[in-house]
Every structure is written in C-alpha cells, then in structure tokens.
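Comments concern the structure below.
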Amino acid sequence: MSVFAAVIVAGALTAHLVAPAGHPDTLRDLAAKHHLRIGTAVDTAALAADAPYRAEIAGEFSTVTPENVMKWEVVEPRRGTYDWSAADRLVAFAQANGQQVRGHTLVWHNQLPAWLTSGNFSADELRQILRKHIFDTVSHFKGKIWQWDVVNEAFNEDGTLRDTIWLEKLGPGYIADAFRWAHQADPHALLLYNDYNIEDVNAKSTAVYDLVKTLRAQGVPISGVGLQSHETVSYAPNTMRQNLGRFDDLGLDTAITEADVRMDLPSDAIKLQAQANVYSTLLESCLATTHCLSFTVWGFTDKYSWVPSTFEGEGAANLLDENFQPKPAYAAVRTDLSVTR
Ligand code: XIL
C-alpha cells in the first residue's frame, strides 16, 4: 500500500492522495461499496510527526479512533482542568479528510487520572464526577462524534461484571446511567458498549447480549456493541457470524472496533498467512451482518502498535509492516472488500 501522496499541512492537516497504479481503489472506496466504514486507531504523536503515516490514514480510512487522547487521564489530568487539544486536532484532521470519528472511551477502569483513583471519593461524589465527565466530554465534541464507546470492558471472561471502581462504588446501574447521560449530551451520537473476547458466542459475549437486551427493554439509549477483536494467529473466531447475528436480531448496531492479530515474533510466511485468515474472518463476519457499521483496526502499521509493549515476545499484528509495506493480511482485506455482494 505505498501511496503517492502530496501532503498539504495547513491549519488543519489535510492530505490529497493519488492511488498507486494497480490499486485503483483505496480501502475506504472499496468499503464504501458495502456501506461500511473502514477505520484505524490513530497515534496522534505519530500523526503530527510522520508524513507517510498521515498520508496512509487520510487516504485509506473513512473513520478514525483516537488511540489514547480522549481517555480520561489525557482530557482531565488535573481535576477540573481539561486538555482537549490533541483530540481536537484529530477531529479537525478527520473533518478535513471526510472521516467519521469514533469517540473512545468514556467509562473504563484503565487510564484514569490519579486524582480520581486515589481520591477516596464517596459514592455520591463519584457518581457526580462520572456524570460531569460524560457531560463535559460528550458536550465538547457534540455533533462531531459518530460512535462513542460509552462503557469499555465492564465484563470478566466468565460473564460476571468486572470489579472496578465504578462497580464497587456505584453498583451495576452505572452502565445504564452512562448511556443516559451520554445520550442527553449528544442525542445524535451512536452509543456503544465495547469489549474484547466477545467475538465468539461465549460466556462473556452472552453476558453482553443479556445486558444490552435488558437495557433496550428498559428504554436505555444504547445503539449497539463494539467487538474489539484483539486476536492471535493461532485462533480465528468460528462463531462470529452467529454472534453478530444475534445482536443484529435485537435491532442493534455492531462494529469491529480494535482489530489486530498478533503473533509470536519473529514473523514468518506461515504466521503471516494465518494472520491474513484471521483478519478475513473478522471482516467477512462484519460484511455478512446487516448492521455491522464499521471495521476499525487498532493501528494499521507495525511501526506503531501497542502489542510489543503489552504482550511480551509478540507483535507484527497489523496490516502493514514497519515500513508501510503490505502484508498478506492487507491483501486479504482488499480481496474481501472487492467481492461484490
Ligand atoms: C491501548 C493503547 O493502544 C495503548 O497505547 C495504551 O498504552 C493502552 O491502551 N483496549 C482498549 C484500548 O479499549 O483503549 C487499548 O488501547 C487496548 C485494549
């Protein structure tokens, strides 16, 4: 996917791309034929510093997700002091390039500011703090966010609710509250519950299913479910269509929100082919699902990936290598998107 790009950096970052010979369509063009948005997480430091990285994002993707800069520890590092600057720059970049933004994420147990986790707040105080965070954040970006990951990773693998500061202090009702507050702050944004290891039909995805079904029945404004899809080359989810289908049948949207497929390093041809197959499984499952709205990868190049620093000895999880050269997975994604349905 080497692109011939003339990047114009003006007030907002914009890029004009010409697709290289032999690749007449970008991924976003191909995805558009399926009414699908194709997205990537964006490392905003790299976006500012690395012109080829910037050009790939502008050219190939129709939605972006801030990898870190909308998280609570970034937007409110000191209580009452907001810093939206990095997120605002990404939103401006997306608007300049005709891209939708996925907001990530409002309620999570990780990447919280220290003032919050060490504040010893009462339940009432914490509830007001969460409510204010959701109102302030969603209001700041009102009208500019397509999908919000409202609640992230609230379940354990066995389907019980994860023991977090939110569950412990506020009880399970914090989930419905979060969706109600987000909806009040931006009634047009799609509001998703987002989690990992819920691609297959399993205890965790069934707990998510039961939750969203209950929320819907209670009139809680939830639009759908985000399936993070952090995978490994050794396993391709084999009940994913069925799983996406049951959310579809509830009248809910779905989205693949953080796809990557890691392997033990070093990579080799066999692992790279297995990786391509897993990416295909994810994308084809989404394409087969009526209300699967978007397919987002958690970074598109091995040059910038959370995997090596998180999973020891693993990496090479993305569609392009460190030099932006396409891997078999990139070709597989192109092929899947090129099939006419
Ligand atoms: C990760 C980022 O990629 C890293 O840069 C950061 O250090 C930690 O968080 N699930 C999520 C994402 O919902 O927000 C996480 O992103 C990866 C797992």
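Because only heavy atoms are used, hydrogens play no part in the values below, and waters and symmetry mates are left out as well, while side chains stay in. Read the numbers this way: they start at 1 and go in the same order the structure lists the ligands and their atoms. Values in this document were obtained by computation on a predicted structure and should not be read as measured data.
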Worksheet item: Taking atom types as modelled, is there a side-chain donor on Asn202 or Ser205 under 3.5 Å from an acceptor on the other?
Response: yes

### Message
Atom CD of residue position Gln218 - does it have more than 12 heavy atoms of other residues, nucleotides or ligands inside 6.0 Å?
### Response
yes

So the salt bridge (charged side-chain N to carboxylate O under 4.0 Å, His left out) pairs with at least one residue in residues 183-200 (sequence neighbours excluded) are Asp195-Lys204

Do any nitrogen or oxygen atoms of ligand 1 lie under 3.5 Å from a protein nitrogen or oxygen, and which ones?
{"residue": "ligand 1", "atom": "3 (O)", "partner": "Glu67", "partner atom": "OE2", "Å": "2.4"}
{"residue": "ligand 1", "atom": "3 (O)", "partner": "Trp298", "partner atom": "NE1", "Å": "2.9"}
{"residue": "ligand 1", "atom": "5 (O)", "partner": "Glu67", "partner atom": "OE2", "Å": "3.3"}
{"residue": "ligand 1", "atom": "5 (O)", "partner": "Asn68", "partner atom": "ND2", "Å": "2.9"}
{"residue": "ligand 1", "atom": "9 (O)", "partner": "Lys71", "partner atom": "NZ", "Å": "3.2"}
{"residue": "ligand 1", "atom": "9 (O)", "partner": "Gln111", "partner atom": "OE1", "Å": "3.2"}
{"residue": "ligand 1", "atom": "10 (N)", "partner": "Glu153", "partner atom": "OE2", "Å": "3.1"}
{"residue": "ligand 1", "atom": "10 (N)", "partner": "Gln228", "partner atom": "OE1", "Å": "3.3"}
{"residue": "ligand 1", "atom": "10 (N)", "partner": "Glu258", "partner atom": "OE1", "Å": "3.0"}
{"residue": "ligand 1", "atom": "13 (O)", "partner": "His104", "partner atom": "NE2", "Å": "3.3"}
{"residue": "ligand 1", "atom": "13 (O)", "partner": "Asn152", "partner atom": "ND2", "Å": "2.9"}
{"residue": "ligand 1", "atom": "13 (O)", "partner": "Gln228", "partner atom": "NE2", "Å": "3.4"}
{"residue": "ligand 1", "atom": "13 (O)", "partner": "Glu258", "partner atom": "OE1", "Å": "3.3"}
{"residue": "ligand 1", "atom": "13 (O)", "partner": "Glu258", "partner atom": "OE2", "Å": "2.8"}
{"residue": "ligand 1", "atom": "14 (O)", "partner": "Lys71", "partner atom": "NZ", "Å": "2.7"}
{"residue": "ligand 1", "atom": "14 (O)", "partner": "His104", "partner atom": "NE2", "Å": "2.7"}
{"residue": "ligand 1", "atom": "16 (O)", "partner": "Lys71", "partner atom": "NZ", "Å": "3.3"}
{"residue": "ligand 1", "atom": "16 (O)", "partner": "Trp298", "partner atom": "NE1", "Å": "3.3"}

- prompt: When the ring planes of Trp306 and Phe311 are compared, do they come out parallel, tilted or perpendicular, using 30° and 60° as the limits?
  reply: perpendicular

Sorted by chain and residue number, the side chain to side chain contact (heavy atoms under 4.5 Å, CB included) partners of Ser122 (sequence neighbours excluded) come out as Asp124, Glu125

Applied to residues 321-332, the salt bridge (charged side-chain N to carboxylate O under 4.0 Å, His left out) test, sequence neighbours excluded, yields Asp302-Lys327

